[in-house]
2 protein chains.
Amino acid sequence: MTRANEAWESLMRAYAVLMKRFNAEDVWGEVTMREYDVLYTLSKCDSPLRMSELNRHVLLSQPALSRMVDRLVDRGLVHRCTDPGDRRGVRLSLTPEGRKTQQEIGRPHARSVTRALNVLTPEELSQLAAITGKLAQSEEK
Amino acid sequence: MTRANEAWESLMRAYAVLMKRFNAEDVWGEVTMREYDVLYTLSKCDSPLRMSELNRHVLLSQPALSRMVDRLVDRGLVHRCTDPGDRRGVRLSLTPEGRKTQQEIGRPHARSVTRALNVLTPEELSQLAAITGKLAQSEEK
DNA sequence: TGGAGTTGTATGCGTTTGCATCTACCTTAA
DNA sequence: TTAAGGTAGATGCAAACGCATACAACTCCA
């Protein structure tokens with residue numbers, strides 16, 4: 001077992017443990033964690049996002065994401081319109097209500113995240129962010 | 001946004017990107033990535049594992065895991081028997097075929113993991129393993 | 001200009017998931 | 001010994017998922 005494999009296994013365990021902990025917190029209201037992930041991703045972008053772009057951030061298959069956006073649109077949290085420049089595509093953004101929902105859930109969740117990661121030193125936090133950032137940006141050659 | 005939140009977001013992003021990449025690799029055969037996770041976890045333990053113990057490692061609800069084990073038992077990859085000491089519980093272990101399957105998939109997958117994480121320096125790999133290990137072990141107070 | 005190939009998203013369909021709940025077994029203490 | 005409460009997994013059911021594929025719009029070159 002290489003160091004790389006050990007690191008990846010460790011990362012996966014940390015992810016599983018923390019995800020379970022966050023999921024168990026009573027902050028999600030009428031939104032699942034996966035749905036929140038979409039709302040959060042949209043909240044970070046001022047300009048509307050394409051499905052395919054959103055799909056890069058979210059761990060869901062393209063059809064699953066497409067239908068999840070359907071539901072979020074039906075529930076009035078997300079606005080979807082055809083991209084005028086490329087009429088195959090869509091532009092997604094939060095509705096005011098979607099933004100409100102994201103913020104109301106985001107606040108307590110962010111506190112949970114802070115609490116959970118505060119077992120790390122500031123230096124470790126910086127290292128973790130830098131290393132995982134590097135991983136996320138690496139493209140397959 | 002605190003450093004902790006940035007680090008967590010970065011970790012999530014790295015996880016999503018790499019999971020998608022691994023999932024796209026053509027190494028999984030008749031087993032899904034989630035099923036492989038179970039087979040792999042079982043493969044690391046020589047003594048049979050309890051459902052609840054397994055469930056701590058795998059990102060699935062208890063009922064979903066219960067049924068997934070059902071399927072793996074039906075397919076002859078996992079052996080399940082009642083725990084003689086506590087007859088509510090079960091003891092899970094790989095069958096010889098399960099172990100074979102795990103290894104056959106594990107080999108090429110491990111290579112993918114190594115390739116993906118080799119964008120990091122050896123020192124970064126050690127830091128990542130140490131930091132995520134610390135996170136995984138931290139229990140809520 | 002048009003036909004072939006590509007890309008972005010949606011849909012049909014069988015499988016898997018999570019939530020709530022159930023059952024069976026263990027533990028404690030009266 | 002037994003009733004009350006707790007814990008380990010299993011099951012009913014509706015919702016959500018992934019795979020394959022369909023469809024529409026774009027691109028590019030003949």
Side-chain angles (χ1 to χ4, degrees), chain A residues 16 19-39 41-42 47-75 77-93, chain B residues 16 19-39 41-42 47-75 77-93:
Chain A
M19 279 310 238
K20 282 188 177 233
R21 187 182 302 170
F22 295 146
N23 192 44
E25 310 242 2
D26 189 24
V27 302
W28 302 105
E30 32 198 325
V31 156
T32 66
M33 238 189 336
R34 285 174 154 183
E35 287 168 344
Y36 176 75
D37 195 10
V38 166
L39 297 184
T41 304
L42 287 177
S47 60
L49 219 55
R50 295 298 285 287
M51 273 279 184
S52 50
E53 199 54 40
L54 184 54
N55 202 182
R56 248 186 285 290
H57 293 274
V58 173
L59 203 44
L60 273 180
S61 68
Q62 176 270 315
L65 177 60
S66 181
R67 278 189 258 242
M68 184 155 122
V69 167
D70 273 357
R71 279 171 257 136
L72 293 173
V73 169
D74 286 347
R75 287 159 63 186
L77 301 176
V78 167
H79 178 70
R80 165 173 49 191
C81 67
T82 324
D83 186 321
D86 178 352
R87 281 167 27 203
R88 295 167 301 182
V90 297
R91 300 161 66 82
L92 301 170
S93 53
Chain B
M19 278 310 236
K20 283 189 176 233
R21 186 182 304 171
F22 295 146
N23 192 41
E25 309 244 359
D26 189 23
V27 302
W28 301 106
E30 358 212 325
V31 156
T32 66
M33 239 188 338
R34 285 175 154 181
E35 287 168 342
Y36 176 76
D37 195 10
V38 167
L39 296 184
T41 303
L42 288 177
S47 59
L49 219 56
R50 294 303 279 303
M51 272 282 182
S52 50
E53 198 55 40
L54 184 54
N55 201 180
R56 247 186 287 289
H57 293 277
V58 173
L59 203 44
L60 272 180
S61 69
Q62 177 269 314
L65 177 60
S66 182
R67 277 190 260 241
M68 185 152 124
V69 168
D70 273 357
R71 279 171 256 136
L72 293 174
V73 169
D74 286 347
R75 289 159 61 187
L77 301 176
V78 166
H79 178 69
R80 165 172 48 190
C81 66
T82 324
D83 186 322
D86 179 349
R87 280 167 30 203
R88 294 168 300 183
V90 297
R91 299 159 68 79
L92 301 170
S93 52

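Lettering follows sequence order; numbering is per chain, from 1.
- Nearest-nucleotide positions on DNA chain D place B:Asn23 closer to the 5' end than the other of B:Asn23 and A:Pro84.
- Shown here for B:Val90 and B:Met51, the closest heavy-atom pair between the two residues is CG2-CG, 3.5 Å.
- Between A:Arg34 and D:dC17 there is a side-chain N or O to OP1 or OP2 distance below 4.0 Å.
- Judged by closest nucleotide on DNA chain C, A:Arg91 is the one of A:Arg91 and B:Asp86 placed further toward the 5' end.
- Residues from residues 62-69 of chain B lying near DNA chain D, meaning a heavy-atom separation below 4.0 Å, are B:Gln62, B:Pro63, B:Ser66, B:Arg67 in numerical order.
- With respect to A:Asp70 and A:Arg80, a salt bridge is recorded, a charged nitrogen being found less than 4.0 Å from a carboxylate O.
- Across all strands shown, A:Arg80 has heavy atoms under 4.0 Å from sugar-phosphate atoms exclusively, and none from any base.
- Between the CG atom of A:Asp83 and the C1' atom of D:dA25 there is a distance of 12 Å, given to the nearest Å.
- Atom NZ of B:Lys20 and atom P of D:dC19 are 11 Å apart (whole Å).
- In the region residues 47-60 of chain B, proximity to DNA chain D at under 4.0 angstrom, judged on heavy atoms, holds for B:Arg50, B:Met51, B:Ser52.
- In this structure, B:Arg71 does not reach the D:dA10 phosphate: none of its side-chain N or O atoms is under 4.0 Å from OP1 or OP2.
- Scanning all heavy atoms of the two residues, the minimum distance from A:Leu77 to A:Val31 falls at CD1-CG2, 4.3 Å.
- Between A:Glu35 and A:Glu30 the shortest heavy-atom distance is OE1-O, 4.1 Å.
- Close approach of DNA chain C to chain B, defined as any atom under 4.0 Å from a non-hydrogen atom of the protein, starts and stops at C:dT16 to C:dC26.
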